[in-house]
Asks: 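My structure is below; once you've seen it, I'll send some questions.
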Amino acid sequence: MSMVTQEVAARAKRELDPAEERTEAGTFFSPYTDIHETEQAVVVSMEMPGVDKASIDIRLDKGVLTIKGTVDPARYEQLKPIYSEYNVGNYVRTFSVSTKIDAARISATVADGVLTVELPKAAEAIAKRISVR
Amino acid sequence: MVIRMRDPFAALLGLQRAMEGVMGTDWFANRTSGAGAFPLVNVFNDGEDFVLVAELPGVKKEDLDIQVHGDTVRIQGKKTVAHEADASVHRRERAAGQFDRTLTLPAELDAAKVSAEYRDGVLTLRLPRAESAKPRTVSIN
């Protein structure tokens, strides 16, 4: 799918609501996320600019998927901010997964600030096509 | 304020506070017509250099074009979101499309010495001031 004629609008990063407030101090952002489902898997892709692959924590516990990305502020060391349009912070987002997932085969990749997590469906969750005779 | 790194946690908090402090300043004043356009930018001072940082998640390095001329910086490119064709969509929040933003900085830049780094979806441009734009110390006779 490509719609490259369209212009990208600038959007503010979404801060977590107070209801989702965390015990850690600082600003957390809710990353923009796409979720797609194929016959074999549920694919979650989220935008986490500034997070490298070593700083991503993915957990699936009792059907709750939690993805957390931590930014390294070291790149801003010794820099003096003079103008700012967005803030930096860690990312966190939680989803409840309704499909049975084969947790052992979960895989994730990061490219250009976009994390893609593939959650393969458990064998019993893959829909079987029934042919009508 | 210069952000000092002690423990990474306090450093992030310090950085966030410092950024909030300069949010909405009129530093660019009316030089930049496209204020608030994609991509959003942060500008830092590092000695005599400007450091411009922008978040471009999902933009490939080869789809990014940066031009520097005089005191202006132009960032253009395209952001793509690719998915398998036969997948059903549960949630779609990521935006795709083209972007083109020109920023005018308050000093002439040395275009030959500009360097760009693109890592983890974050573009960092180091924009040194031109020799003519650097302050000169005047000695008193």
Asks: Over all heavy atoms of both residues, which pair between B:A37 and A:A10 is shortest? Give the atoms and the distance, please.
Replies: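 Taking B:A37 first and A:A10 second, the nearest heavy atoms are C-CB, 3.5 Å.
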Asks: Are any non-hydrogen side-chain atoms of A:Y83 and B:L105 less than 4.5 angstrom apart?
Replies: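 No - every pair of side-chain heavy atoms lies 4.5 Å or more apart.
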Asks: Hey, can you tell me if A:Y76 and B:F44 have their rings parallel, tilted or perpendicular (30° and 60° cut-offs)?
Replies: tilted
Asks: Identify, with sequence neighbours excluded, every residue that meets ring-ring contact (aromatic ring centres under 6.0 Å, His included) alongside B:F50.
Replies: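 So B:F50 forms a ring-ring contact (aromatic ring centres under 6.0 Å, His included) with B:W27.
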Asks: Taking every non-hydrogen pair under 4.5 Å, which of B:M23, B:H90, B:R94 racks up the most with chain A?
Replies: B:R94
Asks: Going by heavy atoms in the side chains, are A:D34 and B:V81 under 4.5 Å from each other?
Replies: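 Touching, per the 4.5 Å side-chain cut-off.
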Asks: Taking non-hydrogen atoms and a cut-off under 4.5 angstrom, which of residues 43-65 of chain A neighbour chain B?
Replies: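 Within residues 43-65 of chain A, the residues that come under 4.5 Å of chain B (heavy atoms only) are A:S45, A:E47, A:M48, A:P49, A:G50, A:V51, A:D52.
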Asks: Quick one, A:V88 and B:L15 - any side-chain contact, counting heavy atoms below 4.5 Å?
Replies: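 SC-SC contact between A:V88 and B:L15 confirmed.
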Asks: Which region of B:L52, side chain (C-beta onward) or backbone (N, CA, C, O), has a non-hydrogen atom less than 4.5 Å from a non-hydrogen atom of chain A, or is it both or neither?
Replies: neither
Asks: Starting at CZ of B:R91, measure out to CD1 of A:I35 and round the result to the nearest 0.5 Å.
Replies: 5.0 Å
Asks: Does any heavy atom of chain A fall under 4.5 Å from the side chain of B:A85, the backbone, both, or neither of them?
Replies: neither
Asks: Relative to chain A, which of B:G121, B:A87, B:P57 shows the most heavy atom pairs under 4.5 Å?
Replies: B:P57
Asks: Does any non-hydrogen side-chain atom of A:R75 lie less than 4.5 Å from one of B:T124?
Replies: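 Counting from C-beta outward, B:T124 and A:R75 do come under 4.5 Å.
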Asks: Do B:S88 side-chain atoms and A:E37 backbone N/O form a donor-acceptor pair below 3.5 Å?
Replies: yes
Asks: Do B:V22 and A:I82 share a hydrophobic cluster (ILVMFWY, side-chain heavy atoms under 4.5 Å, transitive)?
Replies: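 In one cluster: no.
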Asks: Could you look at B:V41 and say if it's the side chain, the backbone, both or neither that has a heavy atom under 4.5 Å from chain A?
Replies: both
Asks: Is there a side-chain contact (heavy atoms from CB on, under 4.5 Å) between B:K61 and A:D112 once you walk through the steps?
Replies: CA-CA 8 Å; B:K61 196 173 161 182; A:D112 300 321; 5.6 Å; no
Asks: With heavy-atom distances below 4.5 Å as the criterion, would you say the side chains of A:V71 and B:L12 are in contact?
Replies: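 SC-SC contact between A:V71 and B:L12 confirmed.
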Asks: Crowded around A:E39 CD? As in, over 12 foreign heavy atoms under 6.0 Å?
Replies: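 Counting neighbours around CD of A:E39, 12 or fewer heavy atoms of other residues, nucleotides or ligands fall under 6.0 Å, so no.
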Asks: So how far is it from B:M19 CE to A:T27 OG1, rounded to the nearest 0.5 Å?
Replies: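 Here the interatomic distance stands at 10.5 Å.
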Asks: Output yes when a side-chain donor or acceptor of B:Q98 lies under 3.5 Å from a complementary backbone atom of A:E7, and no otherwise.
Replies: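 Judged by distance alone, no pair lies under 3.5 Å.
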Asks: Cluster question for you: counting only ILVMFWY and a side-chain heavy-atom cut-off of under 4.5 Å, with indirect links fine, are A:Y32 and A:V110 together?
Replies: no
Asks: Quick one: are B:L40 and A:K13 in side-chain contact, heavy atoms under 4.5 Å?
Replies: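 No, their side chains stay 4.5 Å or more apart.
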Asks: Indicate yes or no: does A:E85 engage B:R101 in a salt bridge with an N to O separation below 4.0 Å.
Replies: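 The answer is yes: the pair qualifies as a salt bridge.
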Asks: Taking A:T33's backbone N and O only, do any of them form a donor-acceptor pair with B:E93's side chain (distance below 3.5 Å, no angle check)?
Replies: yes
Asks: What is the distance from atom NE2 of A:H36 to atom CG of B:D86, rounded to the nearest 0.5 Å?
Replies: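 If I round to the nearest 0.5 Å, the distance is 11.5 Å.
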Asks: Is A:V114 reachable from A:Y91 through a run of hydrophobic residues whose side-chain heavy atoms are each under 4.5 Å from the next?
Replies: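 No; A:V114 is not reachable from A:Y91 via cluster members.
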Asks: Does the B:N42 side chain pair with the main chain of A:N87, one donor and one acceptor, at a distance under 3.5 Å?
Replies: no
